[in-house]
> 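Quick one: structure below, then a few questions.
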Amino acid sequence: MPVILAIESSCDDTSASICVDGIILSNVIANQTIHQAYGGVVPELASRVHQQNIVPAVAQALSVAKVSKNDVNAVAFTRGPGLLGSLLVGVSFAKAFALAKNLPLIEVNHMQAHVLAHFIAEKKPSFPFLCLTVSGGHTQIVLVNDYFDMQVIGQTTDDAAGEAMDKTSKILGLPYPGGPLIDKYARLGNRDAYKFPEPQIPGLDFSFSGLKTAILYFIQDNVKLNPNFIEENINDICASVEYRIATILLNKLKKAADEYGIKDVALAGGVSANTGLRQGLLQLGEQYGWNCFIPQMQYCTDNAAMIAIAGYHKYLKGDFVGQDVAPLARMPI
Ligand code: KG4
Ligand code: ZN
């Protein structure tokens with residue numbers, strides 16, 4: 001019955017989770033609102049707020065799980081990829097806790113953990129499956145052969161899907177992070193109101209920078225004609241942008257499913273919280289007889305429960321690291 005304490009601090013959410021024998025008992029997430037004023041995550045501020053949040057987040061995770069810190073058997077933490085200063089806070093905390101209690105340390109790759117979040121729920125995908133991992137920093141189609149045997153078969157050549165959401169919302173004058181707001185307005189709009197281009201990128205790769213530029217020019221041109229264009233049409237703009245981003249993602253996922261002959265298909269990462277994308281995947285699933293897997297909302301955006309479940313599967317393999325481990329801003333899957 002291994003009890004694992006997991007820590008996630010790769011970007012702007014400080015999170016702690018307790019997992020007992022592969023079951024998540026708590027998942028505490030402390031969001032940082034300070035970045036809203038800057039229109040994006042400010043790395044130096046993020047690491048300072050992580051320092052303030054990490055001890056209370058861990059205390060709460062233990063308390064919600066009704067687990068004493070003396071009962072913890074191993075400490076799992078996000079080693080990378082992410083912001084170095086943010087990662088450093090989580091890595092240092094995990095190392096200190098493990099040192100004080102003489103516990104093994106388990107390093108976790110944040111992008112693998114997004115994929116492994118699917119093993120929290122009772123209904124689990126079977127290997128091999130495809131996972132479309134879409135976040136603020138990444139857009140990948142991952143061929144998942146086993147828990148820690150993953151291959152990126154398609155990825156963005158420029159911006160990530162979440163970045164496209166956030167940059168569009170910035171153009172529209174909405175606060176950061178814009179993805180959830182685009183989702184909210186899109187529910188009230190007509191997705192066919194405006195046609196944005198679908199980039200013609202070969203293979204399974206993505207590109208979002210051309211779309212971002214097209215949206216910028218579209219907004220600038222229309223605001224010149226009508227200064228109230230954004231306010232009057234925000235729902236239709238968001239619905240049309242969301243629809244284009246979702247179709248770009250899902251068309252490539254369909255291509256990958258065909259090429260690899262795979263019918264277990266999953267979504268992961270912050271953008272998988274998006275309603276249009278979730279609905280689109282389910283529709284494709286119905287059409288092509290796929291088994292679709294979409295994580296619960298709390299396991300879509302950054303969270304320590306996914307680090308805990310990844311840590312649990314590494315614990316079973318005895319895959320531990322020493323106290324000399326350091327964070328990695330870049331860490332391939
Ligand atoms: O995985 P995540 O929490 O952090 C990273 O590792 O990047 O993903 C954050 C991204 C942001 O770009 C945010 O705007 C986007 O996920 N996001 C959404 C929604 N919720 C979060 N995008 C669209 N619709 C949403 N509902
Ligand atoms: Zn993430």
Side-chain angles (χ1 to χ4, degrees), residues 6-15 17 27 29-33 35-36 39-41 43 46 50 78-83 86-87 90 108-118 131-140 142 155-156 159-172 174-189 191 208 212 237-250 266-281 294-307 310 329-331 333:
I7 309 289
E8 154 64 30
S9 72
S10 64
C11 189
D12 60 340
D13 294 317
T14 320
S15 184
S17 170
N27 181 39
I29 304 172
N31 302 116
Q32 301 185 1
T33 48
H35 307 286
Q36 281 175 3
V41 176
H50 280 307
T78 304
R79 184 178 184 191
L83 300 170
S86 290
L87 289 165
V108 173
N109 179 307
H110 179 89
M111 298 312 294
Q112 284 192 348
H114 270 301
V115 174
L116 296 174
H118 290 286
C131 188
L132 173 66
T133 311
V134 272
S135 71
H138 293 83
T139 300
Q140 301 176 333
V142 184
Q155 60 192 322
T156 185
D159 293 348
E163 227 174 326
M165 293 275 185
D166 296 337
K167 286 181 176 168
T168 301
S169 71
K170 204 168 181 179
I171 295 170
L172 299 175
L174 301 172
Y176 175 88
L181 290 168
I182 292 194
D183 192 341
K184 184 178 141 206
Y185 290 118
R187 305 283 65 75
L188 306 167
R191 67 185 198 185
F208 288 100
K212 177 190 66 190
I237 299 169
C238 289
S240 303
V241 168
E242 180 195 272
Y243 181 62
R244 175 50 69 219
I245 293 175
T247 46
I248 291 172
L249 293 169
L250 293 172
L267 273 188
V271 183
S272 64
N274 182 263
T275 313
L277 183 62
R278 293 165 87 97
Q279 286 172 352
L281 178 71
I294 303 178
Q296 270 181 41
M297 286 294 184
Q298 61 166 330
Y299 305 133
C300 286
T301 46
D302 289 349
N303 67 87
M306 68 185 194
I307 307 302
R330 286 175 189 277
M331 189 176 180
I333 213 164

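Residues take their numbers from the sequence shown, with the count starting at 1. A quick note: this is a predicted structure, and the numbers were derived from the prediction, not measured. Order of listing sets the numbers, starting from 1, for every ligand and every atom in it.
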> With heavy-atom distances below 4.0 Å as the criterion, list the atoms of ligand 1 near H114.
1 (O)

> Using a 4.0 Å cut-off to any heavy atom of H110, which atoms of ligand 1 qualify?
6 (O)

> Given G162, G179, P177, which one has a non-hydrogen atom that is nearest to atom 25 (C) of ligand 1?
G179

> Does the side chain of Y185 come within less than 4.5 Å of I237's, by heavy atoms?
no

> Checking D302 against H110: is there a side-chain donor and acceptor pair closer than 3.5 Å?
yes

> Compute whether any side-chain donor of one residue and acceptor of the other, for D183 and T275, lie under 3.5 angstrom apart.
yes

> Any idea which atoms of ligand 1 are less than 4.0 Å away from a heavy-atom of G136?
5 (C), 7 (O), 8 (O), 9 (C), 10 (C), 12 (O)

> Using a strict threshold of under 4.0 Å (side-chain N to carboxylate O), is an ion pair present between E242 and R187?
yes

> Among all residues two or more places apart in sequence or in another chain, which pass the salt bridge (charged side-chain N to carboxylate O under 4.0 Å, His left out) test with D159?
K167, K212

> Are D166 and K170 within salt-bridge range, i.e. N to O under 4.0 Å?
no

> Applying a strict 4.0 Å limit to heavy atoms, is P180 in contact with ligand 1?
yes

> Checking a contact table here: which protein heavy atom is nearest atom 13 (C) of ligand 1, and how many Å away?
D166 OD1, 3.8 Å

> The Zn ion (ligand 2) is nearest to which N, O or S atom of D302?
OD1

> Numbering the atoms of ligand 1 from 1, which are under 4.0 Å from a heavy atom of A273?
20 (N), 26 (N)

> Number the atoms of ligand 1 from 1 as they appear, then name those within less than 4.0 Å of a heavy atom of D183, with their elements.
24 (N), 25 (C), 26 (N)

